[in-house]
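To keep things clear, I will list the structure first and then write my remarks on it.
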Amino acid sequence: MSALAFDYVAMGHIHKPSITQSGKMVYPGSPISFGFDEMGEHGMRVGEVTKQSLQTEFVKLDERQFEKRELSVNNLLIQEDLVETIENLELKRNHMYEIVLVGNRQFEMNPREILKLIPTPNILKIKDSTKMAYNIEEIAKENNLRGIFVREVIKKYQNGDYSEEQIQKAIELGLEAM
């Protein structure tokens with residue numbers, strides 16, 4: 001069947017299933033999901049290998065899957081809106097979820113505290129990938145510590161000392177600290 005003198009190789013160790021282009025080398029993956037780094041279906045490969053043919057198929061063994069869901073916070077005004085939005089997500093009963101918050105938020109939040117407020121047991125993690133929605137131009141006009149801070153950080157950017165991303169993060173962290 002092959003110039004390499006093998007008909008089929010069942011590999012191990014890697015938990016994500018994959019098959020080579022020839023279909024002769026297979027990583028069946030792990031039979032069950034262990035975490036968010038092993039998303040997708042899990043099971044085993046079964047089949048028949050003869051000198052004339054190779055036939056395998058995937059058999060799903062674990063109904064549970066780990067899944068990441070992105071959720072935009074752009075249109076939410078308060079933390080309670082976020083909790084309600086998460087509670088209303090359509091989630092599969094056998095899946096375990098990590099909710100990744102994205103966008104520009106209008107409110108302060110702590111993902112661990114939000115997780116405690118959600119009664120849904122299959123939401124295991126909440127990750128904050130949001131940014132605070134600040135009007136930098138308006139804050140820079142303020143005649144107070146916030147305004148002075150933002151103007152000084154903007155000068156650093158204009159001098160080419162830091163990247164735009166670094167400046168945005170500095171402003172966000174500085175304003176949150178104040």
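Basis for what follows: all heavy atoms, side chains included, without hydrogens, waters or symmetry-related copies.
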Test item: [X] and [Y] side chains (from C-beta on) under 4.5 Å apart, heavy atoms:
| X | Y | answer |
| --- | --- | --- |
| T120 | Y97 | no |
| E108 | M132 | yes |
| I99 | I114 | no |
| Q168 | Y134 | no |

Original post:
So, the side chain of R146 versus the backbone of I139: is there a donor-acceptor pair under 3.5 Å, distance only?
Top reply: no

**OP:** Look only at the side chain of S30 and the backbone of I32, and say whether a donor-acceptor pair between them is shorter than 3.5 Å.
**Re:** yes

Take atom [atom1] in [X]; do more than 12 heavy atoms of anything else shown fall under 6.0 Å from it?
| X | atom1 | result |
| --- | --- | --- |
| E176 | CD | yes |
| N159 | CG | yes |
| Y157 | OH | no |

Subject >> For K169, salt bridge (charged side-chain N to carboxylate O under 4.0 Å, His left out) partners two or more places apart >> reply: none

Subject >> Any residue meeting salt bridge (charged side-chain N to carboxylate O under 4.0 Å, His left out) with E63, in chain and number order, not counting sequence neighbours >> reply: none

[X], [Y]: one ILVMFWY side-chain cluster at the under-4.5 Å cut-off?
| X | Y | answer |
| --- | --- | --- |
| L124 | F34 | no |
| M178 | L173 | no |
| M109 | V102 | no |
| V100 | L91 | no |
| L117 | I86 | yes |

Test side chain to side chain contact (heavy atoms under 4.5 Å, CB included) applied to [X] - qualifying residues, sequence neighbours left out:
| X | answer |
| --- | --- |
| N135 | E137, E138 |
| R151 | A140, I148 |
| Y162 | K156, Q166, I167 |

Salt bridge (Lys or Arg N to Asp or Glu O under 4.0 Å) contacts touching [range] (sequence neighbours left out):
| range | answer |
| --- | --- |
| residues 85-94 | none |
| residues 41-50 | E41-K60 |
| residues 127-136 | R105-D128 |

I'd like a table of donor-acceptor pairs (distance under 3.5 Å, sequence neighbours excluded) in which one partner is a side-chain atom from residues 71-80, with atom names and distances.
from : atom 1 : to   : atom 2 : distance (Å)
S72  : OG     : N74  : N      : 3.2
S72  : OG     : N74  : ND2    : 3.4
N74  : OD1    : N104 : N      : 2.6

Roughly how far, to the nearest 0.5 Å, is [atom2] of [Y] from [atom1] of [X]?
| X | Y | atom1 | atom2 | value |
| --- | --- | --- | --- | --- |
| M39 | K68 | CE | NZ | 5.0 Å |
| S33 | R64 | OG | CZ | 6.0 Å |
| N122 | Q65 | CG | CD | 12.5 Å |
| E70 | L101 | CD | CG | 9.5 Å |

Original post:
Which pair of heavy atoms, one from P31 and one from D62, lies closest together, and at what distance?
Top reply: O-CB, 3.6 Å

Original post:
What pairs with F66 under ring-ring contact (aromatic ring centres under 6.0 Å, His included), at least two apart in sequence or on another chain?
Top reply: F36

**OP:** Decide side chain to side chain contact (heavy atoms under 4.5 Å, CB included) for E57 and V46; before the verdict, give the C-alpha distance in whole Å, the side-chain angles of both, and the deciding distance to 0.1 Å.
**Re:** CA-CA 6 Å; E57 68 178 284; V46 296; 3.9 Å; yes

**OP:** Using the test side-chain hydrogen bond (donor to acceptor under 3.5 Å, both in side chains), find all partners of N144 that sit at least two apart in sequence or belong to another chain.
**Re:** E142

